[in-house]
Engineer: 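Quick one: the structure is below, and I'll ask about it shortly.
Excluded from the calculations below are hydrogen atoms, water molecules and symmetry mates; all remaining heavy atoms, backbone and side chain alike, are included. Numbering of ligands and ligand atoms starts at 1, following listing order.
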Amino acid sequence: MEGVKGLDKGKFKRVIKDYRELAADEIEMEKHVGDKLTGPRPEMDGKLELSHMIDPKRPFFTSMTSSDEKYVSTFRMGHFNTPKILSDSVRGANYVGGMEFGSNIIKQNLVNDFDDLVSFLLDYKFGILDLVDEQEINGKNILDLRVYECIECACLPNLGKPTCIFEAGMITGILTEMTKKDVSAKEVRCWTNGYSFCQFEVTLE
Ligand SMILES: [Zn+2]
């Protein structure tokens with residue numbers, strides 16, 4: 001966790017533990033509607049407004065910096081063009097952009113290993129990265145990778161599907177460059193399908 005100034009490791013561990021418990025509770029309450037997963041927060045009626053996107057309360061990041069909600073709002077203002085933000089073409093472009101960015105983080109030595117990556121994502125306020133599980137199934141490695149207090153989606157309403165396409169691309173780019181394997185990352189749970197965390201199913205082969 002070096003590189004993140006002033007980080008209290010004990011406090012950080014408690015934050016991770018609390019989020020894992022919250023996630024377990026929410027997964028227990030989730031529903032499958034057709035092939036769609038939906039978390040405990042009901043799907044919103046109407047349209048996403050600017051007021052939904054700005055000034056989110058991110059407890060951990062707020063405890064680190066006083067103006068966290070302003071920083072996150074600025075990041076999101078460039079994205080405020082719904083419904084285009086959820087259209088397929090924008091999603092594809094975001095994924096590829098994220099991959100390119102993620103791959104460059106490694107190529108340019110901003111991040112050298114997984115601990116570095118956790119620090120990088122905290123430092124730049126993307127979110128709190130947590131590798132919850134890693135399994136080998138049929139020669140493939142499957143990771144359960146989560147992001148808490150995500151800059152993209154924390155506190156957004158349930159819009160019926162996950163939103164963090166750029167981040168999924170970024171994870172893909174980073175892990176492809178780190179491992180030289182074929183990687184794909186798919187977000188399965190997100191604030192925008194009713195949860196309070198982001199969860200990516202990552203496959204490495
Ligand atoms: Zn998300």
Engineer: Does Y71 have K125 sitting over its ring (NZ/CZ under 6.0 Å from centre, angle to axis within 45°)?
Structural biologist: yes
Engineer: N112: which residues meet the side-chain contact (heavy atoms from CB on, under 4.5 Å) condition with it, sequence neighbours left out?
Structural biologist: N109, D116
Engineer: What pairs of residues pass the salt bridge (charged side-chain N to carboxylate O under 4.0 Å, His left out) test when at least one of them lies in residues 127-136, not counting sequence neighbours?
Structural biologist: R20-D130
Engineer: For the Zn ion (ligand 1), what is the closest N, O or S atom on E187?
Structural biologist: OE2
Engineer: Determine whether the side chains of N141 and Q135 contain a donor N or O and an acceptor N or O closer than 3.5 Å.
Structural biologist: no
Engineer: The Zn ion (ligand 1) to C198: any N/O/S contact under 2.8 Å?
Structural biologist: yes
Engineer: So, is E152 placed with an N/O/S atom under 2.8 Å from the Zn ion (ligand 1), counting both backbone and side chain?
Structural biologist: no
Engineer: Taking the Zn ion (ligand 1) as the vertex, what is the angle from SG of C153 to SG of C190, given to 10 degrees?
Structural biologist: 90°
